[in-house]
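Below, read A as the first sequence line, B as the second, and so on, with proteins coming before strands; counting in each chain starts at 1.
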Protein chains: 2
Amino acid sequence: MPKQNTVFKDAYNRCLRLLVVGESLPSEPELCSLLGVSRTTVRSILSQMVEAGLIEWNKRSKSVQRLPVKTDYFPEHETSSLSDVIERTFMKRILMGGAEPGMQINELELAREIGVGTTSVREFLIRFSRFGLIEKRPNSHWVLKGFTRQFAEELIDVREMFELKSAAAFAALPTDDPAWAELEALRRAHVEVLADIDSRYLEFSELDDRLHRLIQQASDNRFIIDFYDIIAIVFHYHYQWNKANARERNGKAILEHLDYIEALKTRRPEAVEAACRLHLSSARLSLMQSLATAA
Amino acid sequence: MPKQNTVFKDAYNRCLRLLVVGESLPSEPELCSLLGVSRTTVRSILSQMVEAGLIEWNKRSKSVQRLPVKTDYFPEHETSSLSDVIERTFMKRILMGGAEPGMQINELELAREIGVGTTSVREFLIRFSRFGLIEKRPNSHWVLKGFTRQFAEELIDVREMFELKSAAAFAALPTDDPAWAELEALRRAHVEVLADIDSRYLEFSELDDRLHRLIQQASDNRFIIDFYDIIAIVFHYHYQWNKANARERNGKAILEHLDYIEALKTRRPEAVEAACRLHLSSARLSLMQSLATAA
DNA sequence: GGGCTGCACATTATCGACAAAGAACACAGA
DNA sequence: TCTGTGTTCTTTGTCGATAATGTGCAGCCC
């Protein structure tokens, strides 16, 4: 079966949330930009909604008949794209299960295990190879290089170089650059989470991602910005399955972030560099420690 | 037709050069490592050579009957792997022909134009996307970002960061590290080419590649080492089609390389950094100038 | 015993096919 | 005249199939 219709299902679910009894849905082009899909998909959604008795659809009028109930939604696991499924499965395997460096990776086996075609797995592996965790032997298998201490060191070394450069560029941004407003919004978000840290410490990951991406953006360099994808995916999956000391670790990191943000706001290069170094070396330490306990 | 047998043809051609009348070819495993292919392929080659009357093959004896003539070789264009063909065609298109940034790239069209299946083109584009010259819009086309001045600036900025770090690491290598011997060999190669610069200036590209890769290697960081692939491919194709002032440019660069090598040999960080900066900014200038004339 | 050959089998690279998703265009309604 | 709809066509994402290529094992020869 070519292509699961995950785009359709996901958009359908999101569209269900837009329904308000008595009102009419907006025009097709408007729904397109709202849902981020093409008109073809929007029209499929509308047809399906008619069939489910959710709306009546006649040309421009799409009047809502009833509110959706739980069973109207597609199950969540059917809404994630194939590559996401492959990524999750694969990351689970190499970050959790026995993932000795040097192990061979078999496209066919992986495909069978996940229940997808080989092409999808292949393309995933090619895309994933840029993260430096696997390597291709042409006409032969892939080799797992493993999420080792060595890997983490290399990753973080480059990260430090890039982030120092980006942070300096950020501090030099003109005062009216929108990034400053975003930075302030992020600062507030940090303060909010911090105020209720015991129950909200898990939200740190998202703050972390947003802050660092905002800073990298200032470098105006696609290689630096793209590199952050590697950091993000590694940290994301690693901490997703290693929650030891998460509360303490995240609380500390939020404080560092606040210092970092303050330093950026001063726009003084030395202050920025100092705060940046401090935070990064602390992040390095956390990662290394959690690697040590994992191994 | 799945898989052109380019591995076989290329290895066959290379094997032809090993034939010496009166002697016997080495054992199958030995040929494998000599040609860098599997035993299956080696055996196919041997069978084919028997058929062509080039050798007689009986178990361990593979006695050479006659020397190969021109017609024994497979034509060269049949020996390059599909991905190489796609890469060349594609690079030609975006570095030479009209390659306005923002242009859409069409997998199907590209595949038809090159005469290959869509899968191969797709996989190439995915692999190639890490070079930052194209970007994917999921469920839609690829966007060409173009080999612009902006791109070149970003590329070279990162290159400088990395190379400075690698050069420093190189200077700190223990005296008995094999890299020092390689460096000396490279220095001699530079001197040789320089002595006959008027007729051999085109060999500079290869020297350049070898020297910089050797230096990056010292960083012991896969991200730095892998990044050099981007530099290499961009410089390779760009200068392949922009040979203006090549003699002069390469002559100057060789001299810079020699200075750089000398500086490394002193192992003094300041000397290394100075020579490195000098060479890199000169390389940046050349690239920018040739971009200006091209545009 | 250690390396080589013969053979059977596993895996990769590539293709064409097809449903899902996107894009183009002419017409209709405000 | 402009925005929305109906329709048609193109392109992408995914699959299974198949030749090329690689890999493992049992026996053979020095």
Sort out for me which residue in B/E76, B/Q4, B/Q48, B/E78 forms a side chain to side chain donor-acceptor pair (under 3.5 Å) with B/K9. B/E78
Figure out the CG/P separation between A/N139 and D/dT23, and round it to whole Å. 9 Å
Comparing B/P138 with A/R112, nearest DNA chain C nucleotide closer to 5' gives the residue A/R112
Value in whole Å for how far the P atom of D/dT12 lies from CD1 of B/I126: 12 Å
Return the 5'-most residue of the pair B/N106, A/G115 with respect to DNA chain D, ranking by each residue's nearest nucleotide. B/N106
Report which part of the nucleic acid B/Q4 touches: base, sugar-phosphate, or nothing (heavy-atom distance under 4.0 Å, all strands). sugar-phosphate
Nearest-nucleotide comparison on DNA chain D, the residue closer to the 5′ end among A/S27 and B/E109: A/S27
Is the ring pair B/F162/A/F162 parallel, tilted or perpendicular, if the boundaries are 30 and 60 degrees? parallel
Walk me through whether B/L82 and B/F124 qualify under side chain to side chain contact (heavy atoms under 4.5 Å, CB included). CA-CA 10 Å; B/L82 206 22; B/F124 166 77; over 6 Å; no
Scan side-chain atoms only and decide if B/W142 and B/Q104 contain a donor-acceptor pair under the 3.5 Å cut-off. no
Can a cation-pi geometry be assigned to A/R93 and A/F147, taking NZ or CZ under 6.0 Å from the six-membered ring centre and within 45° of the ring axis? no
With distance as the sole criterion, is a donor-acceptor pair present between the side chains of B/S61 and B/S63 under 3.5 Å? no
D/dT18, D/dT5, D/dT14: which one has an atom nearest the side-chain heavy atoms of A/P2? D/dT14
Under 4.0 Å from a heavy atom of chain B: give me the 5'-most and 3'-most nucleotides of DNA chain C that qualify. C/dG3 to C/dA23
Atom CZ of B/R122 to atom P of D/dC15: distance rounded to whole Å? 11 Å
Picking from D/dT5, D/dT14, D/dT21, which would you name as closest to the side chain of A/E28? D/dT5
Please state how far atom CH2 in A/W57 lies from atom P in D/dG4, giving the value in whole angstrom units. 14 Å
Please check if the number of heavy atoms outside B/E113 that lie under 6.0 Å from its CD is greater than 12. yes
For DNA chain C, what residues of residues 40-51 of chain B have any heavy atom nearer than 4.0 Å? B/R43
Whole Å only: how far is the CD1 atom of A/I114 from the C1' atom of D/dC15? 15 Å
Heavy atoms only, 4.0 Å cut-off, all strands: where does B/K9 land among base, sugar-phosphate and nothing? nothing
Figure out the CG/P separation between A/D84 and D/dT14, and round it to whole Å. 10 Å
Donor-acceptor pair present, B/K3 side chain and D/dT18 base, under 3.5 Å: no
Check the side chains of B/Q240 and B/H236 for a donor-acceptor pair under 3.5 angstrom, ignoring hydrogens and angles. yes
Does the separation of the ring centres of B/F223 and A/F223 fall below 6.0 angstrom? no
Return a single string for nucleotides 24-30 of chain D, one symbol per nucleotide in 5' to 3' order, where B is base contact, S is sugar-phosphate-only contact and - is none, cutoff 4.0 angstrom on heavy atoms. B---BS-
Reckon A/T119 touches a base, only the sugar-phosphate, or nothing at all at heavy-atom distances under 4.0 Å? base
Drop me the distance from A/K92's NZ to A/R88's CZ, to the nearest 0.5 angstrom. 8.5 Å
Counting distance only, does the side-chain N/O of A/S219 pair as donor-acceptor with the main-chain N or O of A/I224 below 3.5 Å? no
Interatomic distance, A/R137 CZ vs D/dT23 C1' [rounded to whole Å]: 15 Å
Once rounded to the nearest 0.5 Å, what's the spacing between atom CG of A/L214 and atom CD of A/E182? 5.5 Å
Whole-Å gap separating P (D/dT14) and CG (A/N5): 12 Å
Looking at every strand, decide which applies to B/S81 at a 4.0 Å heavy-atom threshold: base, sugar-phosphate, or nothing. nothing
Just by modelled atom types, is the A/V85 backbone N or O under 3.5 Å from a matching donor or acceptor in the A/S80 side chain? no
